[in-house]
Chemist: 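My questions all concern the structure below.
What's counted below: heavy atoms across the whole structure, side chains too, no hydrogens, waters or symmetry copies. Every chain is numbered from 1, with letters handed out A, B, ... down the list of sequences.
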Amino acid sequence: MFVLVAVLSDERGGGVLQPLDPAGAPLGRAEPVVNLPAVVAARERTDKPRWVWASGAALYPTLLRAGVVVQRCHDVELTEALLLGYAGRWGEPRALAAAWARLTGAPVPADPPPRVATPPGAGQTALFDAVPGPPGPGITALTRVYADQLCRVAITGDPGRFRLLVAAESAGALVAAEMGAAGLPWRADVHDAVLADLLGEPSPVGGPPRRLVELAGLIAAAFGVRQVHADSPAELLKAFARVGVELPNTRAWVLRAVDHPAVPLVLEYKELYRIWTAHGRAWREAWVRDGRFRPEYVPGAVVSGRWATRGGGALQIPKVIRRAVVADPGWRFVVADAGQLEPRVLAAVSGDVRFAAAGATGDLYAALARDAFGGDRARAKLALLGAMYGQTGGAAVPALAVLRRSYPTAFGYVEAAARTGETGGLVRSWLGRTCPPGTAGLGDDGQVDPDEPGEVQPSRARAIRSRGRFTRNFVVQASAAEWASTLLAVLRGELAGTRAELVFFQHDEVIVHCPAAQAGQVAEAVEWAGRRATALLFGDTPVRFPLDLSVVECYADAT
DNA sequence: CGATCCGGCGCC
DNA sequence: AAAGGGCGCCGGATCG
């Protein structure tokens with residue numbers, strides 16, 4: 001059993017430590033400390049406790065700045081959010097102060113508003129100049145809320161799974177803070193070269209680069225007008241209407257079906273315009289400092305348990321821009337991508353024996369195709385994606401019928417989740433993360449469509465189907481996120497004490513930056529972490545979760 | 001004028 | 001060929 005220590009910061013460098021027994025009851029006196037990072041560091045050198053703290057997002061970056069890394073923690077705030085969700089009380093305040101107020105029957109304070117994204121170097125001092133608020137809850141509140149959380153976890157449907165969820169979520173907060181501090185290696189010169197290659201020379205006054213100006217001229221000429229703002233959907237619609245093409249919108253797949261000389265130009269313009277605005281020079285000057293891209297990762301920010309980022313758009317780096325992600329001299333990236341993660345998770349959680357047998361192979365889609373789709377891999381993939389996303393039309397329909405017939409248990413799993421959502425119920429992931437409730441009124445009779453009060457309301461029917469698609473996807477996406485964050489937590493432990501650093505995590509993909517000589521060991525550690533995550537979540541399932549591994553100097557070269 | 005919504009598209 | 005889950009971010013349009 002691990003040593004447990006509750007730790008509360010006074011936000012002036014000091015704080016209070018309180019040793020706890022396994023049930024969360026205080027062991028002896030609380031110990032005030034003047035230099036919190038030093039004390040935490042000392043304990044990490046000796047008994048490596050599990051730290052119980054209010055919020056890793058709030059406390060851990062301070063410790064990291066002081067050079068202190070901790071091994072494990074229990075994050076009260078993230079746990080509170082999971083438990084509130086489990087109880088169907090999504091959206092109630094989750095901070096320690098709120099949890100303590102609920103426990104004592106006091107008025108529940110709202111959570112502090114989320115901070116806005118601040119690029120490195122901009123507005124940084126404001127964080128430290130902020131006037132401290134009223135004193136927060138004390139160490140007693142922390143330990144009592146922790147003990148209460150242990151009790152609430154113990155009465156969930158599967159406490160063992162929920163404990164794993166809490167541990168992975170807490171570890172995720174550690175990884176997120178560490179990854180934000182480490183940053184993703186980023187070569188400004190390579191980025192510039194990519195931009196110049198795609199966009200041409202930048203305009204000296206900060207206006208659009210040469211290639212965009214050219215394209216804008218060609219587009220206007222193709223429409224026979226003087227000027228069109230191709231980045232304005234409204235103007236594009238008008239321009240197409242003038243040449244006799246009525247469009248519902250200007251999405252790329254709609255445009256691709258139109259036979260007009262402006263179309264390829266507009267498509268290229270959109271693509272380049274996006275790179276220029278979202279990942280051009282201005283973006284880099286805001287987010288890349290000292291050769292590192294440092295976004296702020298926010299674990300648990302997505303309802304399904306996926307991470308989000310605050311600023312920087314780290315989870316949407318276009319493939320062409322990844323050319324700028326280059327390892328330090330003598331170092332490498334170990335890039336690991338869990339292929340076909342979501343269908344494999346469905347195979348594991350649904351308990352469909354025949355489907356799991358397909359998941360035991362290296363290519364689940366191909367195995368499915370051999371087993372039930374006459375060898376047509378593309379059709380098997382289409383059916384599976386359709387089942388997980390709730391597709392109802394198009395070419396997927398007959399394929400879906402094959403899937404339903406051949407794998408009734410797996411198919412029934414996502415169907416049941418959809419039905420639950422459509423009838424106003426809540427669904428849970430494998431480890432117990434609960435989906436948020438639908439919009440108010442769904443599933444009861446409170447909603448009236450003002451247009452057609454008498455008949456079936458199309459907008460309401462649409463909303464119900466949409467809710468079904470959401471809950472259908474939730475049970476798979478959220479469970480996949482759990483597998484991935486468990487891998488991340490295990491891998492973090494494996495890399496502790498080495499020079500290797502986690503520098504990127506994107507849903508089902510992880511990047512470790514390490515000295516070239518250690519790349520082999522790191523790759524083995526990632527493989528081991530994947531196997532361990534599978535065992536922790538699913539026991540001895542036949543389903544495999546293979547990782548595509550590459551050791552590269554440049555992210556763009558990863559397969 | 002700023003705040004917010006929306007269309008569109010990048011990633012998974 | 002057709003259109004279905006989760007996000008963040010951009011610029012333009014619109015609201016107050």
Chemist: Does A/Ala257 reach a base, just sugar-phosphate, or nothing at all? Heavy atoms under 4.0 Å.
Modeler: nothing

Chemist: What are the bounds, 5' to 3', of the part of DNA chain B that sits under 4.0 Å from heavy atoms of chain A?
Modeler: B/dG7 to B/dC12

Chemist: Which is it for A/Trp483 and A/Phe538 under the ring-ring contact (aromatic ring centres under 6.0 Å, His included) test, yes or no, and what are the steps along the way?
Modeler: CA-CA 9 Å; A/Trp483 184 88; A/Phe538 305 123; 8.4 Å; no

Chemist: Under 4.0 Å, counting only non-hydrogen atoms across every strand here, what does A/Val476 touch: a base, just sugar-phosphate, or nothing?
Modeler: nothing

Chemist: Need one value for A/Leu341: base, sugar-phosphate or nothing, where a base atom within 4.0 Å counts as base even if backbone is also close, heavy atoms only.
Modeler: nothing

Chemist: Starting at CD1 of A/Ile321 and ending at P of C/dG8, how long is that distance when rounded to a whole Å?
Modeler: 21 Å

Chemist: Table please: side-chain donor-acceptor pairs of residues 264-271 of chain A below 3.5 Å, with sequence neighbours left out.
Modeler:
unit_1   : atom_1 : unit_2   : atom_2 : d
A/Glu268 : OE1    : A/Arg211 : NH2    : 3.1
A/Glu268 : OE2    : A/Arg211 : NE     : 3.3
A/Glu268 : OE2    : A/Arg211 : NH2    : 3.2
A/Tyr269 : OH     : A/Asp231 : OD1    : 3.3
A/Lys270 : NZ     : A/Thr250 : O      : 3.0

Chemist: Donor-acceptor pairs under 3.5 Å, side chain of residues 180-187 of chain A to any protein atom, not counting sequence neighbours: which ones?
Modeler:
unit_1   : atom_1 : unit_2   : atom_2 : d
A/Trp186 : NE1    : A/His191 : ND1    : 3.4
A/Arg187 : NE     : A/Asp189 : OD1    : 2.8
A/Arg187 : NE     : A/Asp189 : OD2    : 3.4
A/Arg187 : NH2    : A/Asp189 : OD2    : 3.1

Chemist: What is the per-nucleotide protein-contact pattern of nucleotides 11-16 of chain C, from the 5' end, where B denotes a base atom under 4.0 Å from a protein heavy atom, S denotes such proximity for sugar-phosphate atoms only, and - denotes neither?
Modeler: SSS---

Chemist: Can you pull out every side chain to side chain donor-acceptor pair (under 3.5 Å) where at least one residue sits in residues 408-419 of chain A? Sequence neighbours excluded, please.
Modeler: A/Glu415-A/Arg419, A/Glu415-A/Arg472, A/Arg419-A/Glu422

Chemist: Using atom CD of A/Glu271 as one end and atom P of C/dC10 as the other, report the distance to the nearest whole Å.
Modeler: 18 Å

Chemist: What N/O pairs connect the protein and nucleotides 3-5 of chain C at under 3.5 Å? Give each pair on its own line.
Modeler:
unit_1 : atom_1 : unit_2   : atom_2 : d
C/dA3  : N6     : A/Trp253 : NE1    : 3.4
C/dG4  : O3'    : A/Arg469 : NE     : 2.9
C/dG4  : N7     : A/Gln391 : OE1    : 3.2
C/dG5  : OP1    : A/Arg469 : NE     : 3.1
C/dG5  : N2     : A/Arg306 : NH1    : 3.2
C/dG5  : N2     : A/Gln477 : NE2    : 3.3

Chemist: How close or far is atom P of C/dC10 from atom OH of A/Tyr269, stated in whole angstroms?
Modeler: 16 Å

Chemist: Write down the distance between CH2 (A/Trp276) and C1' (C/dC10), rounded to a whole number of angstrom.
Modeler: 11 Å

Chemist: Between C1' on C/dA2 and CZ on A/Arg251, what's the gap in Å once rounded to a whole number?
Modeler: 13 Å

Chemist: Contact class for A/Arg322 (heavy atom, under 4.0 Å): base, sugar-phosphate, or nothing?
Modeler: sugar-phosphate

Chemist: Is the closest side-chain heavy-atom distance between A/Leu547 and A/Leu487 below 4.5 Å?
Modeler: yes

